[in-house]
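Working notes for the structure below.
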Number of protein chains: 2
Amino acid sequence: MATLAEVARHAGVSASTVSYVLSGKRSISEETRQRVESSIRELGYHPNAGARALASSRSHIIALMVPLRTDMYVPVMMEIAIAVATTARGFGHDVLLLTGEEGPEAVRRVAASGLADAMIVMDVELDDERVPLLRDSARPSVLIGLPADPAGLTCVDLDFTATGALCADHLAQFGHRDVAVVGEAAAVYRRHTGFAERTLAGLRARAKEHGMRVIHRPCQGSYESTAGALARIFEERPDTSALVVQNEAAVGPMLALLRQQGRAVPEDVSVVAICPDQVAVQASVQLTSVALPAQEMGRKAVELVMAKIEGGEAEPLTLLPPQLTVRASTGPAPAAA
Amino acid sequence: MATLAEVARHAGVSASTVSYVLSGKRSISEETRQRVESSIRELGYHPNAGARALASSRSHIIALMVPLRTDMYVPVMMEIAIAVATTARGFGHDVLLLTGEEGPEAVRRVAASGLADAMIVMDVELDDERVPLLRDSARPSVLIGLPADPAGLTCVDLDFTATGALCADHLAQFGHRDVAVVGEAAAVYRRHTGFAERTLAGLRARAKEHGMRVIHRPCQGSYESTAGALARIFEERPDTSALVVQNEAAVGPMLALLRQQGRAVPEDVSVVAICPDQVAVQASVQLTSVALPAQEMGRKAVELVMAKIEGGEAEPLTLLPPQLTVRASTGPAPAAA
DNA sequence: CTCTTTCGTCGAAGCGCGTCGCTGGGTAGA
DNA sequence: TCTACCCAGCGACGCGCTTCGACGAAAGAG
């Protein structure tokens, strides 16, 4: 492996000059810059990460903490993770993958060892153990998701309250009066993950304004549990004419069940999904949906964390506005029986 | 941040002694070890990652390269990635997340900068650009997947040939004569990703021995494309009594379509899936399936890579034996029409 | 009782890079 | 012509850790 010193010798300059060529922190004559750069290419030089980290106390690494559980929709996680990695590379940084398993200890370890310059934490719960640590840590961090008390933190999330409201608006427009929400697994609510509750709150508030009734049933996402949730919904509210699904795994089973029960979509029942576009368009009926802007969340999180690394202040709360795409699964409410 | 030197002063020993306590590379009296360890705890000392990497030329980081594309089943990737991260932590290592986007350049960069001690590469294609680089690199690497020429490499994969054969055996046992494979997206075959072709080959060879006929249709995984694949299958071979599905996304749509067409599973058509257990049990019919041992692959890859880091030699080719779990989707072939 | 080992510890020399302060030569202003 | 200044480049130091050789003390061998 070539070193800085070897490049310097090869180019006939001192080591510090090569360093300044690389960092651009002092002016260098065009001529020597050229010479140094061609030496770098010729020797295939790559700066040693450890040495650079030691000398500059910057590792150019961002830690990304993903949840270990898999009861949430994984592709969204993955999409965010990939967007984070890609964006970070654009800033000259790499991404360290931490699983939730280590929990708060990982936060301490990474912060204290200088392994990473900053952290991005996904799947934040309303009352998350890691939050106080992050708040007190000297290292910058960005949360994807919203804890109960976001004071002193930087958070990025989809505006789920607005998402709920948007669904309500769309359905009200079509004259629906009885709406049912097929939600995430009960465990998600029990953990008080913020997004599920906020969606529901936004939907309920706006539905009230529109004079719509709302009921809500959690759902594991399996065929069985989806069948159960649907059965209970139509039992309790036979006039239900619209479903809002916030559970990607339940989408397929639900459509299959409705078809089986002879309920046509959207003639008898309208369906709005909160899910990635890919799921919406691959379903048996093209679904009207509000997308989870996974890529944008990942990208935004990195931009914020980079701003904080550079010493700038970052907007404490970034709520991405939801966008509803109308497809084939929503239409006018059927005339009341 | 406390440093080694501060710990040493606090414990009344030299820095090197503290270092040896940490690494265990020289004998230390029980008494001083105690003293040093309590100083470490008291000061909340964590070794500086950069300094350690520089001095020892070992970063304690393993790079994991995941594919950028999302036309493969993502949860499996994620499960492997998480297994890798978890296992690596058990070895005192962290995981750096690289996306396929950078391609071969990432391999060079990581190897030359000493950012990582080793690499694990997922989603290897039969003729992969990264393979020659890895083969020539001084740093250890392990592939998950099997390239055309695995000479000089260390590879881990499910034994897909045996998987295909296992499916054939199972179906032959039930007297099926006409088998159809619903495969991955055509793009997967075009890229010559090894696993899809090997499954097919294993299935075909064993089917021949059993006197079964096999046809194969690729499938994007959407409802539409699944419908198309099924239609063509039953058009060409109306007597098809068994389906082998190697495409997780197609499982749901396929079962829905069969139901719609009045083909009962398993009375009219038997179905064997090659997919994670979770998908198999969450489907509307509990599927007989061969699981992708994602966790085991991730774990094994780390174990191999660690052995190579420690200087040992690693088994060049680890093929994990497939396991078929019989559930409710396979049964005797219907009497021929 | 001396000579060699072994054990536990120390000091110092780096690992490869970033950064500070300095210098020599050129330019501009007076 | 002299001072004032800026530009390019250099040398030295230090970041925090690992590791090697050395050394004193205790223990065993002759």
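Computed from heavy atoms alone, side chains included, the values below leave out hydrogens, waters and symmetry copies. Since the model is a prediction, treat every value here as computed from it, not as a measurement. The sequence lines fix the lettering, A, B, ..., with proteins before strands; numbering per chain opens at 1.
As a whole-Å value, the separation of A/Leu115 CG from D/dC17 P is 13 Å. In this structure, A/Gln34 atom CD and D/dA8 atom P are separated by 14 Å, rounded to whole Å. What separates CD of A/Glu30 from P of D/dG9 is a distance of 11 Å, to the nearest Å. When rounded to the nearest whole Å, the span between CD1 of A/Ile28 and C1' of D/dG9 equals 7 Å. The distance from atom CG of A/Asn48 to atom C1' of D/dC17 is 13 Å, rounded to the nearest whole Å. C/dG16 atom C1' lies 14 Å from atom CE of A/Met1, rounded to whole Å. The interatomic distance linking B/Leu22 (CG) with D/dG16 (P) rounds to 16 Å, in whole Å. Rounded to whole Å, atom C1' of C/dG16 lies 15 Å from atom CG of A/Leu43.
A sub-4.0 Å separation between OP1 or OP2 of D/dG9 and a side-chain N or O of A/Ser29 is present. OP1 or OP2 of C/dT19 has at least one side-chain nitrogen or oxygen of A/Lys25 nearer than 4.0 Å. In terms of phosphate contacts, B/Ser14 brings a side-chain nitrogen or oxygen within less than 4.0 Å of OP1 or OP2 of C/dC10. Between B/Ser27 and C/dG8 there is a side-chain N or O to OP1 or OP2 distance below 4.0 Å. Contact check, A/Thr17 against D/dC10: a side-chain N or O comes under 4.0 Å of OP1 or OP2. Contact check, A/Thr3 against C/dC15: no side-chain N or O comes under 4.0 Å of OP1 or OP2.
At a threshold of 4.0 Å, the pair A/Asp123-A/Arg130 does not count as salt-bridged, since none of the basic side-chain nitrogens sits closer than that to a carboxylate oxygen. Using a 4.0 Å cut-off between charged nitrogen and carboxylate oxygen, A/Arg108 and A/Glu105 count as a salt-bridge pair.
Heavy-atom nearest nucleotides on DNA chain C were determined for B/Glu31 and for B/Leu54, and the one closer to the 5' end corresponds to B/Glu31.
Side chain to side chain, A/Ser29 and A/Thr32 meet the donor-acceptor criterion of an N or O pair below 3.5 Å.
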Sequence neighbours excluded and cut-off under 3.5 Å, please list the side-chain donor-acceptor pairs for residues 147-158 of chain B, or say none.
residue, atom, partner, partner atom, Å
B/Asp149, OD1, B/Ala151, N, 3.0
B/Thr154, OG1, B/Lys308, NZ, 2.7
B/Asp157, OD2, B/Arg198, NH2, 2.7

Per-pair distances, 0.1 Å, donor-acceptor, side chain in residues 43-50 of chain A, under 3.5 Å, sequence neighbours excluded:
residue, atom, partner, partner atom, Å
A/Asn48, OD1, A/Gly50, N, 2.9
A/Asn48, OD1, A/Ala51, N, 2.8

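Separating the CG atom in A/Leu292 from the CD1 atom in A/Ile80 is a distance of 7.5 Å, to the nearest 0.5 Å. Atom CG of B/Leu143 is separated from atom CZ of B/Arg135 by 9.0 Å, given to the nearest 0.5 angstrom.
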- [ ] Sugar-phosphate means primed atoms, P, OP1 and OP2; the rest is base. With that split, encode nucleotides 21-28 of chain C 5' to 3' as B, S or - using protein heavy atoms under 4.0 Å.
- [x] BB------
Task: Stepwise side-chain hydrogen bond (donor to acceptor under 3.5 Å, both in side chains) test for A/Thr17 and A/Ser14 - done: CA-CA 5 Å; A/Thr17 301; A/Ser14 77; 3.2 Å; yes
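Here B/Ser56 lies in heavy-atom contact (under 4.0 Å) with sugar-phosphate atoms only.
The side chain of B/Ala55 lies closest to C/dC15 when the candidates are C/dG18, C/dC10, C/dC15. Picking from D/dC17, C/dC17, C/dC15 the nucleotide with the shortest atom distance to the side chain of A/Leu4 gives C/dC17.
In terms of polar N and O atoms assigned as donor or acceptor, the side chain of A/Ser23 never comes within less than 3.5 Å of the base of C/dG18 in a complementary pairing.
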